[in-house]
Amino acid sequence: MEFSIRALAPQGAKTGCLVLGVYQAGDARAPVLTRAAAAADRAARGRLRAVLAHGDLRGKAGSTLLLHGIAGLAAERILIVGLGEQKEFGETPFREAVRGAAAVLRELGARDAAVCLADLKVGRRATAWNVRHTALGLRDAFYRFDQLKTQRKPPAPVLAAVTIAMQGGPVTDQARAALREAVATADGVALARTLGNLPPNICTPAYLADEAKKLARQFKLRLEVLERRDMQRLGMGALLSVTRGSHQPPKLIVLRYAGGAKKDPPLVLVGKGITFDTGGISLKPAGEMDEMKFDMSGAGSVLGTLRALAGMKAPVNVIGVVPACENMPGGEAARPGDVVTTMSGQTVEILNTDAEGRLILCDALTYAERLKPDAVVDIATLTGACVIALGHVATGLFANDQKLADALRAAGDDAWDRVWPMPLWEDYQEQLRSNFADMANIGGRPAGSVTAACYLARFAKKLRWAHLDIAGTAWKSGRDKGSTGRPVPLLVRFALARAGR
Ligand code: BES
Ligand code: MN
Ligand code: ZN
């Protein structure tokens with residue numbers, strides 16, 4: 001899907017489908033036209049108002065009405081989309097409207113469309129926000145994962161080109177930059193979603209390393225892939241303990257994008273890359289275990305974010321670090337009770353082999369020290385407890401630096417890929433006490449996502465560090481089962497905001 005942005009009067013848009021917004025009015029009244037819709041209505045000699053007066057569309061946010069053959073308008077179809085009540089208009093109704101329009105566009109025969117929503121005032125957001133969320137919302141709705149089905153049904157949508165139509169004044173540089181950002185971000189989200197959706201017999205640690213290789217080639221990134229013997233040399237006893245039960249060789253992927261000034265220390269993104277989590281000897285129950293193929297979503301989001309930033313030539317230095325392996329049971333697998341020595345030198349008693357994410361991340365965090373980072377953010381489907389705490393709405397945010405936490409929070413709000421702060425207080429640390437090593441790898445049932453983060457904090461003392469627990473937000477279950485690509489939009493916005501964009 002190709003996007004463009006231009007100054008365009010709605011009535012003159014020669015397009016397969018013209019998308020216009022209307023606000024919901026009180027009770028029995030017809031909806032209120034936006035400026036673009038009113039202009040189109042004048043050109044159509046009042047046909048739009050006349051149709052709306054019939055009461056077929058109240059204007060509820062995301063509701064739609066499709067019209068054909070309106071004389072006076074150059075467009076083949078008019079798609080009227082509800083924006084909700086004007087006094088309640090804001091970010092949520094705007095996004096619902098985009099989603100509603102996208103759902104209809106997906107089913108149409110239209111090859112192109114012009115969307116007139118960018119001029120709307122959404123709270124205190126600038127036009128760039130509308131542009132980003134229009135393009136991202138459309139791309140997200142058109143994403144498909146059908147490469148493993150032998151029969152593609154229903155047929156793929158035909159919409160090939162979308163124009164973001166601006167009515168008021170010329171198109172600004174900010175609006176153009178916002179569109180470039182959105183398209184690159186959408187590419188990154190799509191990559192993260194596809195990596196997540198791929199089955200665990202295809203998306204192995206080696207597959208992730210190959211994917212990194214492809215990105216390195218396409219975008220001229222520097223890539224290093226550490227093998228088992230490198231991990232042994234570095235003393236990554238925790239990471240190595242997790243991979244022991246698996247026949248798939250582990251990989252530690254280090255992918256560098258240098259778009260910023262040479263002297264700028266990099267942002268390091270560390271992504272949990274467990275390509276399948278059986279729990280190991282502390283085996284998980286069978287129900288929904290298939291969803292543990294999504295346990296590499298942190299890794300997918302790191303690769304997706306690098307793809308996005310490199311794709312838009314962002315002026316930032318970012319290094320992705322992805323510890324990738326499988327967590328399997330087996331005769332060689334780590335046992336509950338094993339004590340391992342991490343790369344940091346600290347020892348860990350493995351009380352539960354299913355708490356494996358923190359074991360691979362702690363060594364990756366120690367490795368990250370070598371990259372002399374300005375800040376480190378790790379992204380992990382770390383705990384079921386985080387799903388209990390925050391559900392599928394917010395990602396859990398933990399940080400040892402308030403400024404970093406605030407910046408991630410703001411980026412998440414802007415990208416509508418939201419996070420919510422959780423504590424890292426010392427008081428929780430005693431739950432990790434072990435009689436046989438420096439610490440245990442689990443802290444019991446209470447505050448499970450907090451003790452997991454507190455465990456990681458012990459390996460991030462020398463870093464400005466934040467941890468995102470995406471266990472509840474990285475994928476959806478049930479009928480809509482599939483990867484969401486979160487938190488790529490948050491990470492891209494965060495990296496750009498750091499560079500003043
Ligand atoms: N990958 C899981 C976390 C997870 C579970 C995410 C379910 C999303 C849905 C992680 O490796 C894990 O198994 N965590 C354990 C930790 C426990 C053993 C302390 C958990 O959450 O149960
Ligand atoms: Mn686990
Ligand atoms: Zn896991």
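No hydrogens, no waters, no symmetry mates; every other heavy atom, side chains included, goes into these values. Start at 1 and go down the list; that is how both ligands and their atoms are numbered. In what follows, residues are counted from 1 in the order of the sequence shown.
Some N or O of Lys284 is nearer than 3.5 Å to an N or O of ligand 1, by distance alone. Residue Gly357 places no N or O, backbone or side chain, under 3.5 Å from any N or O of ligand 1. Inclusion of Trp475 in the set of residues having an N or O under 3.5 Å from an N or O of ligand 1 is not warranted. Geometrically, ligand 1 and Asp295 share a nitrogen or oxygen pair separated by less than 3.5 Å.
Annotation: side chain of Thr275 is not in contact with side chain of Lys293 (no heavy-atom distance under 4.5 Å). When side chains are defined from C-beta on, Met289 counts as touching Phe276, because their heavy atoms get closer than 4.5 Å.
Looking only at heavy atoms of the protein, atom 20 (C) of ligand 1 is closest to Gly384 N, 3.9 Å. When hydrogens are left out, the protein atom nearest atom 6 (C) of ligand 1 is Ala471 CB, 3.6 Å; that is the closest non-hydrogen contact. Nearest non-hydrogen protein atom to atom 2 (C) of ligand 1 is Asp277 OD2, 3.6 Å. Ranking protein heavy atoms by distance to atom 16 (C) of ligand 1, first place goes to Arg358 NH2, 3.8 Å. Scanning the protein heavy atoms around atom 18 (C) of ligand 1, the nearest turns out to be Asn352 ND2, 3.5 Å.
The environment of Glu2 atom CD is sparse: at most 12 non-hydrogen atoms of other residues, nucleotides or ligands sit within 6.0 angstrom. Summarising the local packing, CZ of Phe436 is surrounded by 12 or fewer heavy atoms from other residues, nucleotides or ligands at distances under 6.0 Å. Within a 6.0 Å radius of CZ in Arg256, other residues, nucleotides and ligands contribute more than 12 heavy atoms. Within 6.0 Å of CD on Gln218 lie more than 12 heavy atoms contributed by other residues, nucleotides or ligands.
Remark: Asp295 engages Lys272 in a salt bridge, criterion side-chain N to carboxylate O under 4.0 Å. At a threshold of 4.0 Å, the pair Asp438-Arg458 does not count as salt-bridged, since none of the basic side-chain nitrogens sits closer than that to a carboxylate oxygen. In summary, Asp140 and Arg193 engage in a salt bridge, as defined by a charged side-chain N under 4.0 Å from a carboxylate O. Taking a cutoff of 4.0 Å between a charged side-chain nitrogen and a carboxylate oxygen, Asp290 and Lys481 qualify as a salt bridge. Between Asp401 and Lys403, none of the side-chain N atoms (NZ, or NE/NH1/NH2) sits under 4.0 Å from a carboxylate O, so this pair counts as no salt bridge.
Using modelled atom types, one finds a donor on one side chain and an acceptor on the other under 3.5 Å when comparing Asp469 with Thr383.
With rounding to the nearest 0.5 angstrom, the CG atom of Leu283 is 8.0 Å from the OG1 atom of Thr353. The distance from the CD atom of Glu291 to the NZ atom of Lys284 is 11.0 Å, given to the nearest 0.5 Å.
Minimum-distance N/O/S atom of Asp277 relative to the Mn ion (ligand 2): OD2. Among heteroatoms of the N, O or S kind in Glu356, OE1 lies nearest the Mn ion (ligand 2).
Note on ligand 1: Arg445 sits outside its first shell, no heavy atom being nearer than 4.0 Å.
Of all atoms in ligand 1, listed by their number and element, those nearer than 4.0 Å to a heavy atom of Ile442 are 19 (C). Each of the atoms 1 (N), 2 (C), 3 (C) of ligand 1 lies under 4.0 Å from some heavy atom of Thr381. Numbered from 1 in the order shown, with element, the atoms of ligand 1 that lie under 4.0 Å from a heavy atom of Glu356 read 11 (O).
No part of Met296 comes within 4.0 Å of ligand 1, judged by heavy-atom distances. Counting heavy atoms under 4.0 Å from ligand 1, residue Leu382 touches it through the backbone alone. With a 4.0 Å cut-off on non-hydrogen atoms, Met292 touches ligand 1 through its side chain and not its backbone. Contact annotation for Lys272 and ligand 1: only side-chain heavy atoms (C-beta onward) come within less than 4.0 Å of the ligand. Residue Asp354 touches ligand 1 through backbone and side chain together, judged by heavy-atom distances below 4.0 Å.
Considering Leu239, Ile350, Thr243 in turn, Ile350 is the only one that fulfils the side-chain contact (heavy atoms from CB on, under 4.5 Å) rule with Leu359. For the side-chain hydrogen bond (donor to acceptor under 3.5 Å, both in side chains) with Ser282, the qualifying choice from Asn352, Asp354, Asn327 is Asn352, the only one to do so.
Taking the centre of each ring, Trp465 and Phe398 stay at or above the 6.0 Å mark.
There is no protein heavy atom less than 4.0 angstrom from atom 22 (O) of ligand 1.
The number of protein N/O/S atoms found under 2.8 Å from the Zn ion (ligand 3) is 4.
Between the Mn ion (ligand 2) and Asp295 there is no N/O/S contact shorter than 2.8 Å.
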